[in-house]
Amino acid sequence: MKLTTTYEPDKYESKVYALWEKHDAFAPKHRGSQDSYSIVVPPPNANGDLHLGHGLTLALEDIAVRYHRMKGKASLLLPGADHAGFETWVVYEKYLASLGKSRFDYSREELYSQIWDFVDKNKTNYLSQFRALGASVDWGRYTYTLDTKIVNQAYKTFEKMWQDGLIYRAEKLVSFCTYHGTGFADIEVTHKETKGYLWHVDYPLTDGSGYITVATTRPETLLGDTAVAVHPDDARYKKYIGKTVTVPVVNREIPIITDEAVDQAFGTGAVKITPAHDQNDFDMAERHSLPRISVIGHDGTMIDPSPEQYIGLSVAVARDKIAQELVDNGSLRQREEITHSVGHCYKCDTIIEPLLREQWFIRVASLAKPAIQALKKDAITFYPASKKKQLISYLENLRDWNISRQIAWGIPIPAFQSSEDPSEWIFDTRVKEESITKGGVVYHRDHDVFDTWFSSSSWPYATLDFPDGNDFKNFYPLSVMETGADILYPWVSRMIMLGLYTTGEVPFTSVYLHGLIQDENGQKMSKSKGNVVNPIEKVHEFGSDAFRMGILSGETAGSNRPYTESKIVGARNFCNKLWNVARFVQEHVPKDTPQKPEIVSAADHWLLNKLQHTTDAVAGLIETYRFSEAYNAIYHFVRDDFADWYIEASKGSANPSMLRFTLESILKICHPFAPFITEAIWQQLGWSSELLIVSAWPDIPKAHTAHAKDFEEIKQIVTESRQLILAMGLKKPQIEHTNDIVDAHKESIIRMAKLGDVVHVKQGRGLQFISTRHPVWMHVTDEEMSHYKDTLVSQRNEQHSIQSRLKQRLDNPGYTKSAPEHVITQTRDQLKESEAAVQLLEKELERF
RNA sequence: GGGCGAUUAGCUCAGCUGGCUAGAGCACCUCGUUUACACCGAGGGGGUCGGGGGUUCGAGUCCCUCAUCGCCCACCA
């Protein structure tokens, strides 16, 4: 079948994907190599649409997997989707609000099953989006984060930790969003610079000998104060140590204590201590065995031990009212404006309240230790390398991980509390039951669910059926974990810790982190800014292949980068170039053309040389995850070497076997990047019965470098001819030469340079070329040449300066003594070339 | 406060272990409708590689320092 003039992606993409699926081409199979290669896709939110970041992720992962598949390895790209606990919960709450309902209208069980259905309906979007992006994922292994095997793995991990004493339940401060009604891990809190006031409040000494002034940004929390702290060395307050003060408003007597943590320079140097509502105060209270008094509730209003008139008021209102009361009773000394950083909910921007809550915590230090060791031993290669160091220092400073979440959407925590002794908890997986009986005692289930990251941190091995599955044996540890740099801490760090804890091995041997894709102005994309680019729209507009290559072009591991549509346009144009190259080749390759290339001309040698170089470079670059550079190498080979030179040179006399072999090789090395168009061309050509996707990575026969160099000379002659023609405004001029190799390429040179003729002579006339070793002349009149004098002069001057630089270098004894031989040789050659050029130029100039 | 990274052509970025007469894409200028392709081809202009200092025969590349920008972590009573 004959190819059309332009490539129309939507005519081929879905058919090609269906063809792959029909042949089960995505399933990992050994094809010549005993090795395997494995990636699990970081599961996107099952409820949402894919964004540009997913598009980039899938492109990069798919390129790596397609390449290794062609290298003959059993290669797996495992797809999945995330229930995305809190994320989906937020979406669903909004949906409920649109119906005029709220989470308080339903039980947790009802909510769970509603959300299950809600997600199920939207899940199909993302399946088709994976296909549109060309991801060669093995659909048979598709895993959802709420699949039984994933849930069971979370239970097993929890149980093992429980038995190993790594899980504990404690009343600690939890970062709590009072709007969403759930706690977070420290890492999920967004800190923002916020304007506020620093209030200076007098706390009278109980013995009546005066007062001590404390500074606070949160006067309302004084209702829960249990001490005032000063630095032990602070001379101003030495005399007060051991005394007590009375808390204004509530008139509670509290001690004045000393602690190194107090900063003498900040505020008044005296701090009120509210252990139930501030992490530092909590820590200090631990050290000094101070009581904790909670005065703020989970809904963000003041609660019981607060004086009656405050109960039920929001924190903000209570703050104003306390401030007024302090003014009224004369204890407010001053109020200064300050900017300080305040934790906010990353979804709803509500100020995070540190609240006392009994929750499940993981002792992280003992998990972090082996992870740190593994990282220090380089068990995992990081792209970019700098992330390793960052991760180590993060792991060295971890606080215990709060894994309880007070939302309905997630995996229920398999823990039950004794109805007889509230301090007694047991592990049990009968989470569908509200309460269970064991040994005659009734136990009630914890209503909380796991932090999503807890279960998703088992993703690398849980998806592979740890511990007994074949997949686990064949594909673990994963070859690479490719994901966003923003989830290095919340996800990658925990996968490493849990992987080592559960399997005894690192979960992956490399980590590739891509940066954020910003909008074209370098701003973060967000729905509220309205600057979000939908990858699927771009796929429809430019084609999936163009999207993949455009989105990865210019990509460097770890760094953020603006979205550049012109790169997708460029990639679309490149696809069209591929298409038309194939059209040309198809026309010039008869049916009986041998598959093996017959290497005849200098151009053949030259092209094979380039092809081999490119193929090796692309392989090496993909193996080291330098995708953008690999794409560049292909791009320039196809456009510059093959299309602009070899095909142009072929127009006189084509070598069908070379055209065929080169096109096939190009389709292969392009395939990981542009899977649809390459497979579409491959199928249209019909030269092979196998699919391109499972064909072998090309093996390029050796060419002779000397012959290849001959073609370089031809290129020089053509290029210089074009330059002279343009510079002097010539029409179909004639060139003269003395060389047989030039004769052999006569027709090509005439066509490519648009010459009148190429004549073999004994001694040429006109202007001699300077860029080629062969004597070649442009046959021009002195009149025509006179327009060119200025150029000749500037060329000569330039050569002079090059020469003096090279001479200086060679005259330097330090250089000739220390520089490696090949560098010196190179310099000598450059000097010789330059000298020859100057000689020619001087000769030409003599005529004027 | 600690850490990491960036600063190279108008724009977006390559340049890995020092050898560069500093590259690419886009944009720009000139020329060209040659039947694979105008989603094209040919030719060209444009950079003292953020400033300063150092190491070296040689520095965009290594070291120090300053400046600007970005990100992350901690603290901010």
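Since the structure is predicted, the reported quantities are computational estimates derived from the model, not experimental observations. The sequence lines fix the lettering, A, B, ..., with proteins before strands; numbering per chain opens at 1.
Comparing the C1' positions of B:U34 and B:U8 gives a spacing of 39 Å, expressed to the nearest Å. Separation of the C1' atoms belonging to B:G41 and B:G15 is 28 Å when rounded to the nearest angstrom. When the P atom is used for both B:A27 and B:U17, the distance is 33 Å, rounded to whole Å. Between B:U12 and B:G19, the distance separating the two P atoms is 27 Å to the nearest Å.
Remark: P of B:C72 and CG of A:Leu488 are 12 Å apart, rounded to the nearest angstrom. Atom CD1 in A:Ile392 sits about 12 Å away from atom P in B:C4, given to the nearest Å. Rounded to whole angstrom, the span from the CH2 atom of A:Trp645 across to the P atom of B:G41 amounts to 13 Å. Rounded to a whole Å, the CZ atom of A:Arg561 is 13 Å from the C1' atom of B:A14. Rounding to whole angstrom units, NZ of residue A:Lys577 and P of B:C40 are separated by 7 Å.
Side-chain atoms of A:Asn576 lie closest to B:C39 of the nucleotides B:C13, B:C39, B:G25. Minimum atom distance to the side chain of A:Glu587 is reached by B:A36, of the listed B:C40, B:G43, B:A36. Taking every side-chain heavy atom of A:Arg399 into account, B:C75 is the closest of B:A36, B:G25, B:C75. Nearest nucleotide to the A:Arg583 side chain, out of B:A36, B:A24, B:G25: B:A36.
Within 4.0 Å (heavy atoms only), A:Tyr7 reaches no atom of the nucleic acid at all. Among the atoms of the strands shown, none is found under 4.0 Å from any heavy atom of A:Asn397. Nucleic acid contact for A:His636: sugar-phosphate only, since backbone atoms but no base atoms lie under 4.0 Å from a heavy atom of the residue. Looking at heavy-atom distances under 4.0 Å, A:Thr719 makes contact with sugar-phosphate atoms alone, never a base. A:Lys651 comes within contact range of at least one nucleobase, with a heavy-atom separation under 4.0 Å. Within the 4.0 angstrom heavy-atom criterion, no nucleotide atom of any strand lies near A:Ala727.
Electrostatic pairing of A:Asp283 and A:Arg399 counts as a salt bridge here, judged by a charged N lying under 4.0 Å from a carboxylate O. With respect to A:Arg828 and A:Glu835, no salt bridge is recorded, no charged nitrogen being found less than 4.0 Å from a carboxylate O. Under the 4.0 Å criterion applied to side-chain N and carboxylate O atoms, A:Glu541 and A:Lys538 are assigned as salt-bridge partners. Using a cut-off of 4.0 Å between Lys/Arg side-chain N and Asp/Glu carboxylate O, A:Arg572 and A:Glu565 are scored as not salt-bridged. Salt bridge annotation for A:Lys388-A:Asp378: present, with a cationic side-chain nitrogen under 4.0 angstrom from a carboxylate oxygen.
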Using a 3.5 Å limit on both pairing distances, list the dot-bracket string of RNA chain B from the 5' end; Watson-Crick and G-U wobble pairs count, crossing pairs take [ ], interstrand pairs take |.
-> (((((((..((((.....[...)))).(((((.......))))).....(((((..]....))))))))))))....
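Relative ring orientation between A:Phe642 and A:Phe637 is described as parallel, the plane-to-plane angle staying below 30° on a 0-90° scale split at 30° and 60°.
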Check the pair A:Arg751 / A:Glu747 against salt bridge (charged side-chain N to carboxylate O under 4.0 Å, His left out), numbers first and verdict last.
-> CA-CA 6 Å; A:Arg751 187 178 319 96; A:Glu747 293 307 317; 5.2 Å; no
Are there any protein N/O atoms within less than 3.5 Å of an N/O atom in nucleotides 30-34 of chain B, and if so, which ones and at what distance?
residue: B:U34; atom: O4; partner: A:Lys754; partner atom: NZ; Å: 3.3

Report each atom pair, protein N/O against N/O of nucleotides 5-7 of chain B, whose distance is under 3.5 angstrom.
none

Contacts under 3.5 Å, N or O only, protein and nucleotides 15-23 of chain B:
residue: B:U21; atom: OP2; partner: A:Arg809; partner atom: NH2; Å: 3.0

Please write out the pairs of protein N or O atoms and N or O atoms of nucleotides 45-50 of chain B separated by less than 3.5 Å, giving the distance to one decimal.
none

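With sequence neighbours excluded, no residue satisfies side chain to side chain donor-acceptor pair (under 3.5 Å) with A:Tyr383. Every residue was checked against the side chain to side chain donor-acceptor pair (under 3.5 Å) condition with A:Thr339, not counting sequence neighbours, and none meets it. For the side chain to side chain donor-acceptor pair (under 3.5 Å) test, no residue two or more places apart in sequence or in another chain qualifies with A:Asp811. Among residues two or more places apart in sequence or in another chain, the side chain to side chain donor-acceptor pair (under 3.5 Å) test is passed with A:Arg218 by A:Glu220, A:Glu353.
For the pair A:Asp644 and A:Asn812, nearest-nucleotide mapping onto RNA chain B gives the more 5' position to A:Asp644.
Taking only side-chain nitrogens and oxygens, A:Gln723 comes nearer than 4.0 Å to OP1 or OP2 of B:G44.
Among pairs with a residue in residues 546-559 of chain A, those fulfilling salt bridge (charged side-chain N to carboxylate O under 4.0 Å, His left out) read A:Asp62-A:Arg548, at least two apart in sequence or across chains. Applying the salt bridge (charged side-chain N to carboxylate O under 4.0 Å, His left out) test to pairs two or more places apart or on separate chains, those with a residue in residues 259-278 of chain A are A:Asp225-A:Lys272, A:Asp259-A:Arg287.
Of the possible donor and acceptor atoms, none in the side chain of A:Glu13 sits under 3.5 Å from a partner among the backbone N and O of A:Phe676.
Side-chain polar atoms of A:Thr827 and A:Tyr815 form a donor-acceptor pair below 3.5 angstrom.
Across residues 563-572 of chain A, A:Lys567, A:Arg572 each have a non-hydrogen atom less than 4.0 Å from an atom of RNA chain B (numbered order).
With A:Trp401 as the aromatic partner, A:Arg494 meets the cation-pi criteria of under 6.0 angstrom to the ring centre and within 45 degrees of the ring axis. Figure legend: A:Arg335 and A:Tyr197 shown as a cation-pi pair, the cationic atom lying under 6.0 angstrom from the six-membered ring centre and within 45 degrees of its axis.
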